[in-house]
Engineer: 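This is the structure I have questions about; it appears just below.
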Amino acid sequence: MDEFDLIRRITPKKTHQRSLVMGIGDDASVYQPHSHCEEVVCVDTMVEHVHFRFDFSTPFEVGFKALAVNVSDIAAMGGTPKYYLVSIAIPPHGDEAIVTALYEGMKALADTYHMDLIGGDTVATRSDFVITVTVIGEVPKGTACYRHSAQTGDVVFVTGELGSSAAGLSLLMHEVDPVMAVDPAFFLERHKMPQPHIAAGHICSSFPRVTLNDVSDGLASELNEIAEASHVTLEIEADKLPVHADLPLLRKEWLEWVLFGGEDFVLTGTIPEADWENFENQCKEKGIQVTRIGQVKHEQAASVILKEHDQQTTLRKKGYNHFKK
Ligand code: ADP
Ligand code: MG
């Protein structure tokens, strides 16, 4: 495969962003930032056999997800994605059809958000694909949602549902029985083509004090990051956690998926109690599912507590730590 031929093929025929001055084709791209905005930038790498497998996902789905995980990070800042750059290491088994489909998968998601591909790098590798995607977005000045501003009394919330992606992965790995789910395709889709919650992030950034994180490593991990950054203790209630109706049918220990599974790419965070009703209504108007799952309890220690029936458990990033009674 010829590198220049490849670059020619993936170069967008038309671009969406009017602030783009020079896209693919020169040594670097040039764009004009909006004066009332701050730029939001992130990067994530996906490695074949570590983060994805072509016997589980098509190249199109892998491309879609490689961009989606980055767009989700922009969502978790309350921002709007605008541009992306792709560095790709191609192994000997990576033919033209695979690489083209990877880019088509990225483009499918990019088009929904009017994002433009503005550059990248192409190299050869000996064994596995490595795909690194950088996303550049923007947020109106001073409105980005960080992790450090939670206070006692705030509501803890989550957008969308939890555990579906982990269930999808377990189905792919034949760890659970697909016939138990009414709709196994739903869970597979959630794992292979996660939808970033950009619209929910926008609502969050319109409020003055929201903490936000996207659920990539699991709810327990994300909430611990907020607890640490804000120096607070968050308490969540197990029976409030939103899940798909079929999820509990698939596995007795489905709560493991919900708390530690990850890759749901929904948003979780905190908002002042006084703003909750307005926030909930705005989400409803936009058809966004948002669920109140707990409360910020106090500022004595950075921790996350799960309440289940009358039992309290400290949630570590990757596991439980049961309280002594
Ligand atoms: P340079 O040698 O100046 O780095 P390259 O020949 O690597 O330039 O790339 C030429 C143009 O194509 C640049 O605009 C670069 O950003 C873009 N490009 C190269 N590889 C990729 C890729 N895999 N995906 C997207 N754009 C790419
Ligand atoms: Mg180069």
Side-chain angles (χ1 to χ4, degrees), residues 1-34 37 39-54 56-75 77 79-138 192-196 198 216 265:
M1 194 180 356
D2 176 60
E3 183 187 332
F4 297 103
D5 204 40
L6 169 76
I7 295 171
R8 199 172 330 113
R9 193 122 29 85
I10 60 173
T11 300
K13 304 221 164 29
K14 67 175 183 54
T15 54
H16 304 279
Q17 298 288 334
R18 277 194 289 160
S19 54
L20 184 63
V21 179
M22 171 61 75
I24 288 178
D26 216 303
D27 298 304
S29 292
V30 178
Y31 68 90
Q32 174 71 57
H34 292 125
C37 285
E39 305 284 297
V40 189
V41 187
C42 61
V43 61
D44 248 312
T45 296
M46 289 191 11
V47 179
E48 187 181 5
H49 297 117
V50 177
H51 302 97
F52 65 88
R53 292 166 50 165
F54 286 125
F56 283 179
S57 299
T58 64
F60 183 94
E61 290 164 343
V62 171
F64 184 99
K65 189 165 176 177
L67 183 60
V69 301
N70 281 287
V71 171
S72 179
D73 278 323
I74 300 288
M77 300 305 287
T80 305
K82 296 196 307 180
Y83 301 115
Y84 64 113
L85 299 96
V86 181
S87 172
I88 187 163
I90 305 172
H93 65 274
D95 60 24
E96 212 175 287
I98 295 181
V99 177
T100 306
L102 283 168
Y103 275 84
E104 279 168 1
M106 289 188 262
K107 190 174 184 305
L109 181 69
D111 283 348
T112 5
Y113 295 110
H114 307 294
M115 297 172 70
D116 293 322
L117 175 64
I118 61 165
D121 199 19
T122 313
V123 296
T125 178
R126 286 202 194 142
S127 54
D128 294 321
F129 266 99
V130 181
I131 307 164
T132 303
V133 179
T134 302
V135 169
I136 299 170
E138 67 184 13
K192 298 202 280 187
M193 294 179 69
Q195 296 290 337
I198 289 292
S216 51
F265 299 106

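Count residues from 1 along the sequence. For ligands, and for the atoms within them, numbers begin at 1 and follow the listed sequence. Note that the structure is a prediction, hence the values are computed from the model and not measured.
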Engineer: Aromatic contact between Phe52 and Phe54, with the criterion being ring centroids under 6.0 Å apart: yes or no?
Structural biologist: yes
Engineer: How does Tyr84 reach ligand 1, if at all, at less than 4.0 Å between non-hydrogen atoms: by side chain, backbone, both, or neither?
Structural biologist: neither
Engineer: Near Lys107 NZ, under 6.0 Å, is it more than 12 heavy atoms from other residues, nucleotides or ligands?
Structural biologist: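 Check fails, neighbour count at 12 or below.
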Engineer: Of all heavy-atom pairs between Pro196 and Leu109, which one has the smallest distance, and what is that distance?
Structural biologist: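 Taking Pro196 first and Leu109 second, the nearest heavy atoms are CD-CD1, 4.1 Å.
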Engineer: By number and element, which atoms of ligand 1 are closer than 4.0 Å to a non-hydrogen atom of Val86?
Structural biologist: 22 (C), 23 (N), 24 (N)
Engineer: Under 4.0 Å from a heavy atom of Asp26: which atoms of ligand 1 are those, numbered in the order shown and with their elements?
Structural biologist: 13 (C), 14 (O)
Engineer: Could you give the side-chain donor-acceptor pairs of residues 125-138 under 3.5 Å, partners two or more places apart or in another chain?
Structural biologist:
| from | atom 1 | to | atom 2 | distance (Å) |
| --- | --- | --- | --- | --- |
| Asp128 | OD1 | His49 | ND1 | 2.9 |
| Thr132 | OG1 | Thr45 | OG1 | 3.0 |
| Glu138 | OE1 | His34 | ND1 | 2.9 |
| Glu138 | OE1 | Lys82 | NZ | 3.0 |
| Glu138 | OE2 | His34 | ND1 | 3.3 |

Engineer: With a 3.5 Å cut-off and no angle check, do the side chains of Tyr83 and Thr15 form a donor-acceptor pair?
Structural biologist: no
Engineer: At a 4.0 Å threshold, what atoms of ligand 1 neighbour a non-hydrogen atom of Ile88?
Structural biologist: 23 (N)
Engineer: Between ligand 1 and Ile7, is the shortest N or O to N or O distance under 3.5 Å?
Structural biologist: no
Engineer: Measuring from Asp26:CG to Ile118:CD1, what's the distance to the nearest 0.5 Å?
Structural biologist: 12.5 Å
Engineer: Just go through Leu85, Thr122, Asp27 and tell me whose heavy atom is the nearest to atom 20 (N) of ligand 1.
Structural biologist: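 Nearest option to atom 20 (N) of ligand 1, by heavy atoms: Thr122.
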Engineer: Ile10 heavy atoms, cut-off 4.0 Å: which ligand 1 atoms fall inside?
Structural biologist: 22 (C), 24 (N), 25 (C)
